[in-house]
Amino acid sequence: MKKILIGTHNKGKFKEISYLLPRKYKKITPISLKIKSPKETGKTFIANSNLKANFFSSFVDYPVISDDSGLCVKSLKNKPGVYSARLAKELGSFAKAMKYILKQLKNKKDRSAYFVCSLSFKRPGKKPVTVLGKLHGKISRKIVGKKGFGYDPIFIPNSHKKTFGEMNKYKKIKMDHRYLAFKKLKKKIRI
Ligand code: IMP
């Protein structure tokens with residue numbers, strides 16, 4: 001069976017990317033290979049997903065897929081953005097990071113936001129192929145739902161009423177920023 005390394009330590013992302021990939025691949029996690037994550041020194045999502053793909057690829061002789069993603073809130077100058085994971089780490093949890101965002105938005109009219117995913121696919125010895133997926137929506141008034149991961153309980157995608165935290169996981173996986181990026185990737189290369 002062909003192997004692919006899904007370059008992430010985030011269980012939520014691993015599940016979603018696994019679901020998107022064809023069945024022919026045996027999906028490998030860096031945890032099983034005892035590979036730690038690289039430092040995300042890039043200033044953009046694209047720089048970081050490329051950096052991760054190159055880093056993880058140096059350990060294996062089969063393809064690697066990795067992403068860098070985050071939540072951008074318009075009224076907060078598109079923050080937390082590339083710092084989405086770090087904000088939760090600094091504040092102690094995603095619950096605290098979500099509360100922090102809700103508090104920052106308390107007196108703001110514009111609650112629009114988007115999730116973005118830069119997805120990089122790299123074959124051994126080749127440069128990564130990178131695409132960007134964006135999903136627009138808004139920040140809810142409260143934390144709602146226990147499904148999903150990360151900021152899912154405060155994000156309502158456009159033309160929907162429920163947060164990702166309330167949505168059936170397959171419904172979310174088939175519409176989110178990672179899915180949109182994956183669709184673009186499949187148009188560019190054969191996976
Ligand atoms: P990074 O790409 O490892 O820097 O982490 C991105 C962070 O963005 C994750 O830890 C989540 O907090 C957040 N994030 C990315 N995609 C999603 C999603 O689909 N739902 C909820 N949060 C997400």
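In this chain, numbering begins with 1 at the start of the sequence shown. Note that ligands are numbered from 1 as they come in the structure, with each ligand's atoms numbered from 1 the same way.
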Task: Side-chain donor/acceptor of Asn50 to backbone N/O of Ala47, under 3.5 Å - done: no
Open item on the list: How far is atom 22 (N) of ligand 1 from the closest protein heavy atom, and which atom is that?
Closed with: Tyr151 N, 3.1 Å
Open item on the list: Which label fits Phe115 and His177: parallel for a plane angle under 30°, tilted from 30 to 60°, or perpendicular past 60°?
Closed with: parallel
TODO: Give a yes/no on ligand 1: does Gly70 have at least one heavy atom closer than 4.0 angstrom to it?
DONE: yes
Open item on the list: For the backbone of Gly137 and the side chain of His160, can you confirm whether one donor and one acceptor N or O come within less than 3.5 Å of each other?
Closed with: no
- [ ] Could you check which of Ser69, Gly81, Gly165 puts a non-hydrogen atom nearest to atom 15 (C) of ligand 1?
- [x] Ser69
Task: Interfacing atoms of ligand 1 (cut-off 4.0 Å, heavy-atom, Asp68) - done: 1 (P), 2 (O), 4 (O)
TODO: Determine whether the side chain, the backbone, both or neither of Asn48 has a heavy atom under 4.0 Å from any heavy atom of ligand 1.
DONE: neither
Task: Closest protein heavy atom to atom 20 (N) of ligand 1, given as residue, atom name and distance to 0.1 Å - done: Asp152 OD1, 2.6 Å
TODO: May I ask you to identify the nearest protein heavy atom to atom 19 (O) of ligand 1, giving residue, atom name and distance to one decimal place in Å?
DONE: Lys172 NZ, 2.7 Å
Open item on the list: Starting from atom 9 (C) of ligand 1, what is the nearest protein heavy atom, named by residue and atom, and what distance separates them?
Closed with: Asn10 ND2, 3.9 Å
Task: Side-chain donor-acceptor contact under 3.5 Å, Ser57 with Lys122 - done: yes
Task: Proximity flag Lys13 to ligand 1, non-hydrogen atoms under 4.0 Å - done: yes
- [ ] Identify the protein heavy atom lying closest to atom 4 (O) of ligand 1, giving its residue, its atom name and the separation to 0.1 Å.
- [x] Glu40 OE1, 3.0 Å
Open item on the list: Could you report the tightest heavy-atom contact between Phe45 and Gly81, atom names first, then the distance?
Closed with: CZ-C, 3.4 Å
Open item on the list: I need the atoms of ligand 1 closer than 4.0 Å to a non-hydrogen atom of His177, numbered in the order shown.
Closed with: 16 (N), 17 (C), 18 (C), 19 (O)
Task: Closest protein heavy atom (residue, atom, distance) for atom 14 (N) of ligand 1 - done: Phe115 CE2, 4.0 Å
Open item on the list: Could you check whether any heavy atom of Phe94 sits closer than 4.0 Å to an atom of ligand 1, since that is the contact criterion I want to use?
Closed with: yes
Open item on the list: Just by distance, no angles: are the side chains of Ser69 and Asp67 close enough, under 3.5 Å, to form a donor-acceptor pair?
Closed with: yes
Open item on the list: Closer than 4.0 angstrom, basic N to acidic O: yes or no for Asp68 and Lys52?
Closed with: yes
- [ ] State plainly whether the residues Asp110 and Lys108 are in salt-bridge range, i.e. N to O under 4.0 Å.
- [x] no
- [ ] Could you tell me whether the side chain of Glu166 and the main chain of Thr163 form a donor-acceptor pair under 3.5 Å?
- [x] yes
TODO: Check ligand 1 against Ser84 and write out every atom of the ligand that is under 4.0 Å from a heavy-atom position of the residue.
DONE: 7 (C), 8 (O)
Task: Region of Arg178 engaging ligand 1 - heavy atom pairs below 4.0 Å - done: side chain
- [ ] Look at Glu16 together with Lys169 and state whether they make a salt bridge at an N to O cut-off of under 4.0 Å.
- [x] no
TODO: Mind running side-chain contact (heavy atoms from CB on, under 4.5 Å) on Leu119 and Thr130 for me, showing each step along the way?
DONE: CA-CA 6 Å; Leu119 193 63; Thr130 300; over 6 Å; no
Task: Side chain, backbone, both or neither: Phe164 near ligand 1, heavy atoms under 4.0 Å - done: neither
Task: Under-4.0 Å heavy-atom contact with ligand 1, by part of Lys52 that carries it - done: side chain
